[in-house]
Amino acid sequence: MRVALFATCVNDALFPATAVATVRLLERLGVTVDFPAGQTCCGQPQYNTGYRRACEPLVRRTARAFAGYDHVVTPSGSCVAMVRDNYPRIGARAAAEGRGGELTDAALALAPRVVELTEFLVDVLGVEDVGAYFPHTVTYHPSCHGLRLLGLGGRPLRLLRAVKGLELVELPGAEECCGFGGTFAVKNAAVSAAMAEDKLANALGTGAQVLCGADNSCLLHLGGTLRRRGEPLRPLHLAEILASTEAHPWRPS
């Protein structure tokens, strides 16, 4: 099977190890991974800030970049939600404003093919035990987009429970937002920071070594607070845990 990797701009700029881990994981499972060079930002920052028309060129570009692939896999639930939930809305609005159906066609052709990493592993490949090894105590934070818009449910937890050596501890208040919310963290900084403190109080109370998530945007937010406080809890993307094996174990940087 051949798929396209949608690395996302956050991972490309700040968390390249997550994209590399995603490729290593998929290739270990027998998947051929392409990286279309035409990909760029999905447009979520612009859309969330109210600049809908500024997203339209990005819808066209993203659709062109991933044309011809049955599956476009990304380790970012928020970007998947942007494409699947908001791209059709952007196209429909453009058509309603008399600018034709081209954006709608592009959005509807792309949206069903874009899948979050855990969806791809569990639903498409049909695997839960990916051969990973991670001898650490882990607690999992489900990001809002994955939880509420994509309905990832227990997929990430099923994958984590199958990892050799990993001890999974439940995160109290797991379904509560971490406070990031993209531009929400900028516009409402005090509220955002307070929400992060609540989330981290629960995470630290588990005694886990690693705070796992499937969206690096949330881990960026929580990780910044952890670093400022000097806490030992390590934020880490799920892909990096699943890519770790006994032969090539994850090493903290």
Side-chain angles (χ1 to χ4, degrees), residues 1-8 10-12 14-35 69 71-81 114-143 145-147 150-171 174 178 203 206 208-220 222-223 233-253:
M1 179 185 294
R2 182 181 296 273
V3 305
L5 173 69
F6 182 18
T8 80
V10 169
N11 288 326
D12 186 49
L14 300 174
F15 299 97
T18 295
V20 172
T22 300
V23 174
R24 285 176 50 209
L25 169 63
L26 294 176
E27 289 183 341
R28 192 172 77 227
L29 295 173
V31 178
T32 301
V33 183
D34 291 344
F35 180 80
Y69 290 95
H71 301 289
V72 179
V73 182
T74 179
S76 172
S78 64
C79 295
V80 174
V114 178
V115 291
E116 189 269 343
L117 177 61
T118 67
E119 289 181 311
F120 182 74
L121 295 172
V122 174
D123 298 346
V124 180
L125 294 186
V127 298
E128 293 183 12
D129 186 344
V130 299
Y133 170 74
F134 194 80
H136 305 281
T137 306
V138 175
T139 193
Y140 174 73
H141 162 63
S143 297
H145 284 95
L147 182 68
L150 301 183
L152 295 183
R155 294 176 182 85
L157 295 173
R158 284 149 60 188
L159 290 160
L160 287 170
R161 290 189 184 107
V163 174
K164 184 177 179 181
L166 187 149
E167 180 186 352
L168 183 64
V169 291
E170 182 178 355
L171 177 64
C178 73
T206 67
Q209 298 167 293
V210 172
L211 174 60
C212 172
D215 254 304
N216 270 328
S217 51
C218 295
L219 294 177
L220 173 69
L222 296 171
L233 181 62
R234 172 68 181 256
L236 190 65
H237 194 284
L238 176 65
E240 296 180 60
I241 293 176
L242 298 181
S244 176
T245 63
E246 290 186 80
H248 300 285
W250 171 80
R251 305 286 186 192
S253 56

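Bear in mind that the values here come from a model prediction, so they are computed numbers and not experimental data.
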| said: One pair to check against side-chain contact (heavy atoms from CB on, under 4.5 Å): Val73 and Leu117. What are the steps and the verdict? | reply: CA-CA 6 Å; Val73 182; Leu117 177 61; 4.0 Å; yes
| Phe120 and His71 aromatic centres sub-6.0 Å |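 Between Phe120 and His71, the centre distance is under 6.0 Å.
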Do you know the tightest heavy-atom contact between [X] and [Y]?
X: Ala203; Y: Leu211; result: CB-CD1, 4.2 Å
X: Val169; Y: Ala208; result: CG2-CB, 3.9 Å
X: Val33; Y: Glu27; result: CG2-CG, 4.2 Å
X: Arg28; Y: Gly131; result: NH2-C, 3.9 Å
X: Tyr140; Y: Ala214; result: OH-CB, 4.0 Å
X: Leu159; Y: Val127; result: CD2-O, 3.9 Å

| query | Is it true that atom OH of Tyr133 has more than 12 heavy atoms of other residues, nucleotides or ligands lying nearer than 6.0 Å? | reply |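 Incorrect, the count does not exceed 12.
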| said: Please determine whether side-chain contact (heavy atoms from CB on, under 4.5 Å) holds for the pair His145 and Glu116, giving the CA-CA distance in whole Å, both sets of side-chain angles, and the decisive distance to 0.1 Å. | reply: CA-CA 11 Å; His145 284 95; Glu116 189 269 343; over 6 Å; no
Do the side chain of [X] and the main chain of [Y] share a donor and acceptor less than 3.5 angstrom apart?
X: Asp215; Y: Ser143; answer: no
X: Ser244; Y: Ala132; answer: no
X: His237; Y: Pro75; answer: yes
X: Arg155; Y: Thr118; answer: no

| message | Please determine whether side-chain contact (heavy atoms from CB on, under 4.5 Å) holds for the pair Leu236 and His136, giving the CA-CA distance in whole Å, both sets of side-chain angles, and the decisive distance to 0.1 Å. | response | CA-CA 12 Å; Leu236 190 65; His136 305 281; over 6 Å; no
| task | Before giving the answer on side-chain contact (heavy atoms from CB on, under 4.5 Å), spell out for Leu26 and Leu5 the whole-Å C-alpha distance, their side-chain angles and the decisive distance to 0.1 Å. | result | CA-CA 10 Å; Leu26 294 176; Leu5 173 69; 5.5 Å; no
| Do Glu240 and Thr18 meet the criterion of a side-chain donor-acceptor pair at a distance under 3.5 Å? |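 Yes, Thr18 and Glu240 have a side-chain donor paired with an acceptor closer than 3.5 Å.
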Is any side-chain heavy atom of [X] less than 4.5 Å from a side-chain heavy atom of [Y]?
X: Leu220; Y: Phe15; result: yes
X: Val210; Y: Phe134; result: yes
X: Thr22; Y: Asn11; result: no

| request: Can you spot which of Leu242, Thr245, Leu238, Ile241 makes a side chain to side chain contact (heavy atoms under 4.5 Å, CB included) with Leu25? | output: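 The passing option is Leu242.
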